[in-house]
Amino acid sequence: MSDAASEKNTELMEKIVSLCKRRGFVFQSAEIYGGLNGCWDYGPLGAELKRNLKDYWWRKNVQEREDILGLDGSILTHQDVLKASGHVGGFSDPMCDCLLSKARLRADQIPAQSGTAYWYSGASHEESGWYVEREYAVLLQEGQDENKARKTARQYYAQFLTDKRISPKKLELAGEKTEEIKESTRFNPENGSLLTEPREFNLMFKTHVGASADDGDESAVAYLRPETAQSIFSQFKNVMDSNRIKLPFGIAQIGKSFRNEINPRNYTFRSREFEQMEIEFFCRPEDGMQLTDDWLELRLKFYEEIGIPREHLHILDVPDGERAHYSKKTYDIEYEFPFGIQELEGVAYRTDYDLSKHQEHSKKPLAVFDEDTKEKLIPHVVEPSAGCDRTVLALICEAFDEETVTDEKGKEEVRTVMRFSPRMAPIKVGVMPLLKNKPELVEKAREIQAMLTPFMTVFYDETAAIGRRYRRQDEVGTPFCVTVDFETLGESGDELKDTVTLRHRDSMEQERIAISELRAYLLDQIA
RNA sequence: GCGGGUAUAGCUUAGUGGUAAAGCUCCAGCCUUCCAAGCUGGCCACGUGAGUUCGAUUCUCACUACCCGCUCCA
């Protein structure tokens with residue numbers, strides 16, 4: 001992306017963020033207390049939008065399918081589940097940072113070194129009176145010049161200089177002392193610089209179950225789940241036993257997951273608390289590869305149905321070496337966000353890795369008896385795992401549009417319009433009397449509101465001029481507005497009596513429709 | 001995690017070491033017959049905490065959050 005394009009996209013993103021706050025789609029979590037890093041709240045319209053997405057996903061993937069069952073697992077997760085899955089232990093490598101180069105190294109991969117460590121307590125610059133007190137050390141291998149240690153140390157201390165014109169060479173080192181070191185992993189093999197203490201980078205939120213449990217009680221440890229998938233795998237047997245269902249079949253779940261991301265970024269895109277929409281689709285081993293392709297197509301179709309066109313999606317066939325070690329095939333479905341092309345969903349063929357691991361750790365049989373082949377097998381699994389909040393953000397980015405419109409006087413102005421598909425739009429229809437100081441109009445509009453409310457989200461508005469009300473609805477993406485005028489009341493004859501203006505968001509076109517046809521028409525449009 | 005930037009009303013922006021300004025939005029009233037009309041009035045802000053100072057929104061430091069670039073993303 002060129003600088004100019006990048007700047008334009010940053011501007012676009014800022015406009016989107018601003019609109020989301022102004023109209024109540026997304027707020028920063030705990031904003032009145034300064035905000036909580038990586039956490040966001042959905043306001044009234046965002047909550048509707050997200051609900052529409054989840055409801056549609058659930059309907060398409062669970063309710064309209066005989067071969068997929070729903071699950072709603074607990075967020076607090078037994079530590080053994082996550083030990084089996086590899087989330088505890090496997091992904092908590094201690095890391096060290098090089099104090100000089102800022103490089104990050106895995107502690108267990110640093111080769112042990114021996115030599116002479118040169119320790120310093122700080123540095124100063126006589127002319128300017130600047131000084132810093134900070135312990136630092138450089139490891140020299142046998143035969144290396146001790147001036148190398150001093151040069152490295154000066155470079156280290158120079159990064160604290162406020163006046164960058166001072167050369168590191170002019171610094172006086174303080175408190176030099178040496179120490180013989182044997183088999184130490186505290187130094188960077190690249191440059192001899194001291195490293196930070198090893199730090200755990202487990203990205204899971206840890207907690208203790210039971211009000212009286214103290215922090216030291218290891219048996220009380222539980223985690224907030226880092227993915228919804230594990231409760232599906234650990235409940236696999238119960239779901240099978242309680243439902244007469246045969247391979248292939250899936251278990252679907254929508255729910256919150258938590259990852260203590262080192263660096264949350266890009267608005268709600270990478271949050272510490274996020275919602276997933278996941279399916280684990282269990283199958284025979286020989287069907288895994290084909291099903292992965294089939295699911296990719298199904299998922300792409302889904303995005304199209306909610307208003308994210310195929311042209312704005314990218315399919316990444318994750319190459320060997322970049323996939324998780326147990327995955328034989330993975331597709332990432334990516335979307336062109338203003339801040340870059342980023343993943344919305346992963347469709348992964350995970351083989352029998354998960355169920356095998358849980359069988360091994362729980363010592364409970366998780367194999368299925370296959371009637372066709374008369375043998376027991378651990379099902380393989382294909383996992384379409386979608387980011388719910390990411391998809392909401394994609395819907396918002398995709399919908400956002402600024403259009404220049406020219407009024408009759410030739411005056412140009414910008415119309416901001418969220419072009420949500422009617423299916424996803426938080427508000428389906430705005431109902432308004434043309435004038436609020438004419439009780440007959442208000443009464444009729446209220447009747448229409450009451451008639452539609454049981455079937456869809458309706459927004460009643462009577463304040464300000466009609467044009468302003470239309471534009472307000474444009475900005476929140478309401479696809480239809482219905483206006484009651486004097487013709488509705490029969491002032492222009494019976495032909496127009498009990499008809500209303502139906503105004504379309506995208507084209508701003510208006511048509512006349514009978515009140516009696518309104519409900520069926522709108523329901524058809526938003527289904 | 002590193003480096004850089006930013007923080008004034010719901011939004012967008014002015015401004016100042018001495019009682020903080022505007023446009024839009026929003027609310028109320030009047031008026032108004034289909035695309036952000038007009039008039040009147042109203043609500044509402046210097047991110048948090050220290051320090052310097054007689055006095056700090058302004059200067060300094062720390063913290064927090066957000067943005068950008070790296071890094072990371074099981």
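Chain letters run A, B, ... following the sequence lines, proteins first and then strands; every chain starts at 1.
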Mind telling me whether [Y] and [X] have parallel, tilted or perpendicular rings, with 30° and 60° as the class edges?
{"X": "A:F282", "Y": "A:F236", "result": "tilted"}
{"X": "A:Y349", "Y": "A:H380", "result": "tilted"}
{"X": "A:F25", "Y": "A:F420", "result": "tilted"}
{"X": "A:F337", "Y": "A:F339", "result": "parallel"}

With [atom1] as the reference atom in both, quote the distance from [N] to [M] in angstrom, rounded to an integer.
{"N": "B:C35", "M": "B:C30", "atom1": "P", "answer": "23 Å"}
{"N": "B:U60", "M": "B:A56", "atom1": "C1'", "answer": "11 Å"}
{"N": "B:U57", "M": "B:C46", "atom1": "P", "answer": "10 Å"}
{"N": "B:G55", "M": "B:G1", "atom1": "C1'", "answer": "41 Å"}
{"N": "B:A9", "M": "B:G51", "atom1": "C1'", "answer": "28 Å"}
{"N": "B:C63", "M": "B:C2", "atom1": "P", "answer": "10 Å"}
{"N": "B:C67", "M": "B:C31", "atom1": "P", "answer": "47 Å"}
{"N": "B:A22", "M": "B:G41", "atom1": "P", "answer": "13 Å"}

Between A:Q230 and A:H87, is any side-chain donor less than 3.5 angstrom from a side-chain acceptor?
-> no

Taking atom types as modelled, is there a side-chain donor on A:E278 or A:S385 under 3.5 Å from an acceptor on the other?
-> yes

Give none if [N] has no partner; otherwise give the nucleotide forming a Watson-Crick or G-U wobble pair with it, both distances under 3.5 Å.
{"N": "B:C43", "result": "none"}
{"N": "B:G49", "result": "B:C61"}
{"N": "B:U16", "result": "none"}
{"N": "B:G23", "result": "B:C11"}
{"N": "B:G3", "result": "B:C68"}

In plain terms, say whether A:E343 and A:R270 are close enough for a salt bridge, that is, a side-chain N and a carboxylate O under 4.0 Å apart.
-> no

Using a strict 4.0 Å threshold on nitrogen-to-oxygen distance, state whether A:E402 and A:R415 make a salt bridge.
-> no

Candidate nucleotides [options], ranked by approach to the side chain of [X] - the nearest:
{"X": "A:R468", "options": "B:C34, B:C73, B:U25", "answer": "B:U25"}
{"X": "A:D485", "options": "B:C34, B:C35, B:A74", "answer": "B:C34"}
{"X": "A:L434", "options": "B:C66, B:U33, B:C72", "answer": "B:U33"}
{"X": "A:R471", "options": "B:G3, B:A36, B:C73", "answer": "B:A36"}
{"X": "A:Y470", "options": "B:A74, B:A28, B:C34", "answer": "B:C34"}
{"X": "A:N37", "options": "B:C35, B:C66, B:A74", "answer": "B:C66"}
{"X": "A:R265", "options": "B:G69, B:C34, B:G29", "answer": "B:G69"}

Value in whole Å for how far the [atom2] atom of [N] lies from [atom1] of [X]:
{"X": "A:R469", "N": "B:A37", "atom1": "CZ", "atom2": "P", "value": "11 Å"}
{"X": "A:L489", "N": "B:U33", "atom1": "CG", "atom2": "C1'", "value": "12 Å"}
{"X": "A:E261", "N": "B:C66", "atom1": "CD", "atom2": "P", "value": "13 Å"}
{"X": "A:E403", "N": "B:A36", "atom1": "CD", "atom2": "C1'", "value": "14 Å"}
{"X": "A:F269", "N": "B:C73", "atom1": "CZ", "atom2": "C1'", "value": "10 Å"}
{"X": "A:E475", "N": "B:C26", "atom1": "CD", "atom2": "P", "value": "9 Å"}
{"X": "A:L496", "N": "B:C34", "atom1": "CG", "atom2": "P", "value": "15 Å"}
{"X": "A:F486", "N": "B:U33", "atom1": "CZ", "atom2": "P", "value": "7 Å"}

At under 4.0 Å between heavy atoms, what does [X] touch on the DNA or RNA strands: base, sugar-phosphate, or nothing?
{"X": "A:E491", "result": "base"}
{"X": "A:G24", "result": "nothing"}
{"X": "A:N437", "result": "base"}

Hey, does the side-chain of [X] have a donor or acceptor N/O within less than 3.5 Å of a partner on the base of [N]?
{"X": "A:R503", "N": "B:C35", "answer": "yes"}
{"X": "A:Y267", "N": "B:C66", "answer": "no"}
{"X": "A:N263", "N": "B:C72", "answer": "no"}

Taking for A:L36 and for A:R259 the nucleotide of RNA chain B with the nearest heavy atom, the one nearer the 5' end belongs to A:L36

For RNA chain B, whose closest nucleotide is more 5', that of A:I32 or that of A:K438?
-> A:K438

Shorter than 3.5 Å, N or O on both sides, protein versus nucleotides 4-14 of chain B: list them out with atom names.
unit_1, atom_1, unit_2, atom_2, d
B:C11, OP1, A:K21, NZ, 2.5
B:C11, O3', A:S18, OG, 3.1

Qualifying residues under side-chain hydrogen bond (donor to acceptor under 3.5 Å, both in side chains), relative to A:R469, sequence neighbours excluded = none

Hits for side-chain hydrogen bond (donor to acceptor under 3.5 Å, both in side chains) against A:K436, two or more places apart or cross-chain, chain-then-number order -> none

